[in-house]
Every structure is written in structure tokens, then in C-alpha cells.
**Student:** 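First the structure, which I've put down as C-alpha cells, then a few questions once you've had a look.
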Amino acid sequence: MASVALEHLDKVYPGGTQAVADLSLEIAAGELVVCVGPSGSGKSTVLRIVAGLDEPTGGTIRIGGEVVNARRPQERNVAMVFQDYALYPHLTARGNLEFPLRMRGLARDDMRVRVERIAGLLDIGTLLDRLPKQLSGGQRQRVAMGRALVREPAVFLLDEPLSNLDPKLRIQVRAEIQELRAATPTTMIYVTHDQTEAMTLADRVAVLHHGRLQQVSPPRELYERPANVFVAGFIGNPPMNLFPAVLAAKLRPDAGAAATAGVRPEALRVSPDGALAGTVEHVEFLGHETLAHLRVDSTDVRVIARVPGMPAMAKGERLRVAVDPARIHLFDGEGRAIRG
């Protein structure tokens, strides 16, 4: 395994579209960093640049401390797993696992040992003689991960590897990736649009927007201390409630300045003496909890409150909610977090 450092990375495509802008990110050896962001945020472009499949317009890529900008993909000792598996349909699972080792000219006995070790690790030993069309989606994804791991890469790159799986299988494979990390510590860069994957798998999460790095933090810190309005509104399901505010004199010297206040849905509590009163516009009963969508009286502000269980509640009902003042987030006029 090896460290990865991206220094002031830029990528501008023909026609002027800037996919990545001045992005700097350091990933320690053995660390799993998940890149997350909306469509077009540049996350997959970053992965392709590290792999050598795309060339940066500017900036430096280091793997294990060495600059690799001029190295071809096969010279970087990285392995990549794509969302569409990219298995050779005419080769068995064993043949797919052996393929990168054959390209390296590895001896047959060494190849067999590596393939059997990885097959055992991924629990696909009984599938080695099957063609991809004879495998389920989860099994194909495991073979694709095995083909990458059998190379013993310095860096393991995963581009939305679970996006083609159904929700139940996605949970299972996600757990298998966590087990895989424990068994084979490898530097991993994982790209996804799924926040659950990001928050459950990552040592740190890197949030991108319009090609710019917004914040890189451990999952809990990212959720509890978002660096700006974009991260606050993007991370969380449902996301943080955001509404206009004005800074008070006792809080800031720039009293009266426009700002944005934010509060997580779980920080709102239904209470007869709550400070906010509104009308229920929509209710989502989820079994273990209920999401109440309210429109605050005399405003266009809408908030979502997360309520435990399934209380009796209906559209058009009047509710009051209390706000935990210790859990209010403030952002300045530029959208940056105001730290108390």
C-alpha cells in the first residue's frame, strides 16, 4: 500500500469545461477516503486521473511519494473497479482473476496461489469455473474486486462499485468491503453518490462540488461540523434544514449581517411550547421514525422534523417544534461556517 497526494490538481476538458479545480488532497497509506458529491462534481474524474486514464491539465499526482504524472496506467501499480464490473465475458471467473497476472508473466504456480487466496478471501472459490453470465450481480462484483486485488496494488480505486446492485445486496457487499479492508489493508479511494456508503465505509469523506474540494473530514465530523452551506445541505438524509438569518450583536461584531442558520431534523422536537409553529404539509411514516415536513407560519420557510416512532400526525395539522439551541449551525454571507 502507498500514500496518495494530489497537489493543486486541475482538469479542463476541450470546450472549456472545468471538471477539477485546484484540488489538493493527501491520503495516507492504508486509508480509505470516499469522494462524494452530486453528478458532475468531478469525483470520477479525480479517480481516473489517479489511475492514469485521464491526464490532468495542471497539478501533481504522487503515489508513495513519487510523482507519477508521466507514468502510464500500468506503471502506477493501481487497480480499479468500475460500476459495470468490466469482466471479460468469454473468460471464467478464474480466467478473469488470472488475466492481469498473465499480462505480467507470473509463473503458473504463483498465479494459482494468488487466485485461490483472493477467491477464498471473497468467498468465490466455488464460482471460479463459471462465466460472468452465470453469476449474480453481487458475485460479478466480487470477481471484479478480486481481479483488482490479485494484482496486489499499491492503491485500490473503486468507481461507484455498488451502484448496479439492489438495495439488499448493496448492504451485503458493503459489509464485505469492510471485512476485506480488515483482511488486506490497502489504500483505497472510493467514489460514490451514496451518502450511506460514504459515511459507513470511509476513514475520511471528501465532498466535491463543481470540481472543488469543499471539505475532507471523518464522517462524524463532516455531519456535525459542516464547513459550509453546501456540505450542510448535501450531507444527511434528509439534509440539514437551512433558512435565512440575521446575526445578533451578542454573537458577532458584524451585527445585522445576513447569514444562514441550519438545524438537523433530529434537533427539532415536537413540543406544545416550541418556538416554531407551522402547518404539516407532508408526513413520511418510516416505521422506526417519522419525518414531518412543516411550513413555518407567516414565512416561506419549510423544515423537516425527525420524530421517533409513528405518532398520529396528518397533513394540515398544526404543530409546534422546539429547537435545541446548542445544535444550531450558523453560516456567514459567503456560506462559510461560523464557529462559536
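Residue numbers count from 1 along this sequence.
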**Student:** Under 3.5 Å, is there a donor on one side chain and an acceptor on the other for Thr192 and Glu160?
**Tutor:** no
**Student:** Using modelled atom types and a 3.5 Å cut-off, is there a donor and acceptor pairing between side-chain atoms of Asn96 and backbone atoms of Leu87?
**Tutor:** no
**Student:** Using a strict 4.0 Å threshold on nitrogen-to-oxygen distance, state whether Arg174 and Glu179 make a salt bridge.
**Tutor:** no
**Student:** Mind checking whether Leu47 and Phe82 sit in one hydrophobic cluster, side chains of I, L, V, M, F, W, Y counted as touching below 4.5 Å?
**Tutor:** yes
**Student:** Tell me the closest heavy-atom pair linking Met80 and Ala51, and the distance in Å.
**Tutor:** SD-CB, 3.9 Å
**Student:** Are the side chain of Thr187 and the backbone of Ser3 linked by a donor-acceptor contact shorter than 3.5 Å?
**Tutor:** no
**Student:** Would one find more than 12 heavy atoms of other residues, nucleotides or ligands at under 6.0 Å from atom CZ of Arg108?
**Tutor:** no
**Student:** Which pair of heavy atoms, one from Gln195 and one from Asn237, lies closest together, and at what distance?
**Tutor:** OE1-N, 4.4 Å
**Student:** For the residue pair Gly233 and Pro239, what are the closest heavy atoms and their distance?
**Tutor:** O-CB, 3.0 Å
**Student:** Do Glu284 and His293 have side-chain atoms, one donor and one acceptor, less than 3.5 Å apart?
**Tutor:** yes
**Student:** Looking at residues at least two apart in the chain, or sitting in another chain, which of them share a ring pair (Phe, Tyr, Trp, His ring centres under 6.0 Å) with Tyr13?
**Tutor:** none
**Student:** Where do Glu116 and Arg112 land on the salt bridge (charged side-chain N to carboxylate O under 4.0 Å, His left out) test, with the steps shown first?
**Tutor:** CA-CA 6 Å; Glu116 290 181 359; Arg112 178 181 53 79; 3.8 Å; yes
**Student:** Are Val216 and Val155 connected, step by step, through hydrophobic side chains (Ile, Leu, Val, Met, Phe, Trp, Tyr) whose heavy atoms are closer than 4.5 Å?
**Tutor:** yes
**Student:** Should Arg204 and Glu31 count as an ion pair when the cut-off is N to O under 4.0 Å?
**Tutor:** yes
**Student:** Tell me yes or no: between the side chains of Asn228 and Gln214, is some donor less than 3.5 Å from an acceptor?
**Tutor:** yes
**Student:** Supply the atom-to-atom distance Thr260 OG1 to Leu330 CG, rounded to the nearest 0.5 angstrom.
**Tutor:** 9.0 Å
**Student:** Rounded to the nearest 0.5 Å, what's the gap from CD on Gln139 to CZ on Arg130? Could you check?
**Tutor:** 6.0 Å
**Student:** For Ala305 versus Leu294, what's the shortest heavy-atom pair and its separation?
**Tutor:** CB-CD1, 4.5 Å
**Student:** Should Asp159 and Arg48 count as an ion pair when the cut-off is N to O under 4.0 Å?
**Tutor:** no
**Student:** Roughly how far, to the nearest 0.5 Å, is CZ of Arg72 from CD of Gln74?
**Tutor:** 4.5 Å
**Student:** Ion pair present between Asp203 and Arg181, side-chain N to carboxylate O less than 4.0 angstrom?
**Tutor:** yes
**Student:** Could you grab the distance from atom CZ of Phe234 to atom OG of Ser41, nearest 0.5 Å is fine?
**Tutor:** 7.0 Å
**Student:** Measure the NZ-CD distance between Lys315 and Glu281 for me, rounded to the nearest 0.5 Å.
**Tutor:** 8.0 Å
**Student:** Establish, yes or no, whether the cationic atom of Arg264 lies under 6.0 Å from the six-membered ring centre of Tyr223 and within 45° of the ring axis.
**Tutor:** yes
**Student:** For Glu317, does the CD atom sit with more than 12 other heavy atoms under 6.0 Å from it, leaving out its own atoms?
**Tutor:** yes
**Student:** In Å, rounded to the nearest 0.5 Å, how long is the span from CG of Leu122 to CG of Leu149?
**Tutor:** 6.0 Å
**Student:** Is Val4 reachable from Val67 through a run of I, L, V, M, F, W or Y residues, each pair having side-chain heavy atoms under 4.5 Å apart?
**Tutor:** no
**Student:** Are Met145 and Leu127 linked, directly or through other ILVMFWY residues, by side chains that come within less than 4.5 angstrom of each other?
**Tutor:** yes
**Student:** Is atom NE2 of His210 surrounded by more than 12 heavy atoms (other residues, nucleotides or ligands) closer than 6.0 Å?
**Tutor:** no
**Student:** Please determine whether a side-chain nitrogen of the Lys or Arg among Glu221 and Arg225 lies less than 4.0 Å from a carboxylate oxygen of the Asp or Glu.
**Tutor:** no
**Student:** Measure across Arg320 and Ala277 and return the closest heavy-atom pair with its distance rounded to 0.1 Å.
**Tutor:** NH1-CB, 3.4 Å
**Student:** Would you say CD of Glu55 has more than 12 non-hydrogen atoms from neighbouring residues, nucleotides or ligands within 6.0 angstrom?
**Tutor:** no
**Student:** Ring-plane angle category for Tyr88 and Phe99, please: parallel below 30°, perpendicular beyond 60°, tilted otherwise.
**Tutor:** tilted
**Student:** What pair of heavy atoms forms the shortest contact from Gly42 to Leu208, and how long is it?
**Tutor:** C-CD2, 4.0 Å
**Student:** If hydrophobic clusters are built from ILVMFWY residues whose side chains come within less than 4.5 Å, do Leu291 and Met313 share one?
**Tutor:** no
